[in-house]
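In this text, all values refer to a predicted model and were calculated from it rather than measured experimentally. Start at 1 with the first residue, then count along the sequence.
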Amino acid sequence: MAKNKGTRILITLECIECRSNTAKRSKGISRYISQKNRRNTPDRIELKKYCPYCNGQKIHKEIK
């Protein structure tokens, strides 16, 4: 029998300032991996995390 997927899934959080700023000098985009409960939060989440490229706490959005 096959196992079902469960309610907790892995998500990737990405810095929105690094993504939108095209004229920057930084080398990359900050990404974090986290988990969320699919039933409690069906929409995309936003968390404030540390971005080493922006040197501060910035908003990280969930990407696909």
When every non-hydrogen atom of Asn55 is compared with those of Tyr50, the smallest separation belongs to OD1-OH, 3.8 Å
Look up atom CD in Gln35 and atom CZ in Arg8, then write down how far apart they are to the nearest 0.5 Å. 5.0 Å
Which residues pass the side chain to side chain contact (heavy atoms under 4.5 Å, CB included) test with Ile11, not counting sequence neighbours? Ile9, Leu13, Ser34, Lys36, Ile45, Glu62
Is there side-chain contact between Cys54 and Ser30, with at least one heavy-atom pair below 4.5 Å? no
Please write out which residues are connected to Leu10 in a hydrophobic cluster, directly or through intermediates, given that two of Ile, Leu, Val, Met, Phe, Trp, Tyr count as joined at side-chain heavy-atom separations below 4.5 angstrom. Ile33
Residues forming a side chain to side chain contact (heavy atoms under 4.5 Å, CB included) with Arg31, sequence neighbours excluded: Thr12, Glu14, Arg19, Ile63
Flag the pair Cys15 / Lys61 as yes when at least one side-chain heavy-atom distance between them is below 4.5 Å, and no otherwise. no
Using 0.5 Å steps for rounding, measure from the CD atom of Gln57 to the NZ atom of Lys49. 9.5 Å
